[in-house]
Amino acid sequence: MRHFRIWAGTAISLGFLILLLWRVDSAEMLRAVRQVEPLWLLPAGVAFAASIWTRVLRWRVILVRVLPLSTAETAEVLVIGCAANNVLPARTGELVR
């Protein structure tokens, strides 16, 4: 069952990625990527990882008495909810989480 979910999730993600890229002007996208300052990518990645890690720890504290999850399980649920919030309207990702 777990393998099915992984493959289904991958297929759905690829489908949405294809839909997204279908409507994107590739020349404009390349121009935008060339304007990125690489020096800012490292601190942005560190800040993003710290943000996710802090949320994972917070949710573990909140859920520990109701549903004791490992850090990895909590991170998985949190990231899935955040990803759903990016594509679904009205923060529906909270329900997905």
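Numbering of residues begins at 1 and proceeds along the displayed sequence.
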Student: Do any N or O atoms from the side chain of S51 and from the backbone of A47 form a donor-acceptor pair under 3.5 angstrom?
Tutor: no
Student: Would you call W53 and T71 a side-chain contact if the rule is heavy atoms closer than 4.5 Å?
Tutor: yes
Student: Please tabulate, for the side chains in residues 18-31, all donor-acceptor contacts under 3.5 angstrom to protein atoms that are two or more places apart in sequence or on a different chain.
Tutor:
{"residue": "D25", "atom": "OD1", "partner": "A27", "partner atom": "N", "Å": "3.4"}
{"residue": "E28", "atom": "OE1", "partner": "R31", "partner atom": "NE", "Å": "3.4"}
{"residue": "E28", "atom": "OE1", "partner": "R31", "partner atom": "NH2", "Å": "2.8"}

Student: Could you state whether F48 and W59 fall into the same hydrophobic cluster, counting links through intermediate Ile, Leu, Val, Met, Phe, Trp or Tyr residues with side-chain heavy atoms under 4.5 angstrom apart?
Tutor: yes
Student: Applying the 4.5 Å side-chain criterion to the ILVMFWY set and letting contacts propagate, would L78 and I62 be lumped into a single cluster?
Tutor: yes
Student: Applying side-chain hydrogen bond (donor to acceptor under 3.5 Å, both in side chains), name anything that partners R58, two or more places apart in sequence or on another chain.
Tutor: none
Student: Could you check whether any side-chain N or O of R60 sits under 3.5 Å from a backbone N or O of L69, counting only pairs where one atom can act as donor and the other as acceptor?
Tutor: yes
Student: State whether the number of non-hydrogen atoms from other residues, nucleotides or ligands found under 6.0 Å of L41 atom CG is greater than 12.
Tutor: yes
Student: Can you name the nearest heavy-atom pair linking T74 to V56, along with the distance?
Tutor: CG2-O, 3.5 Å
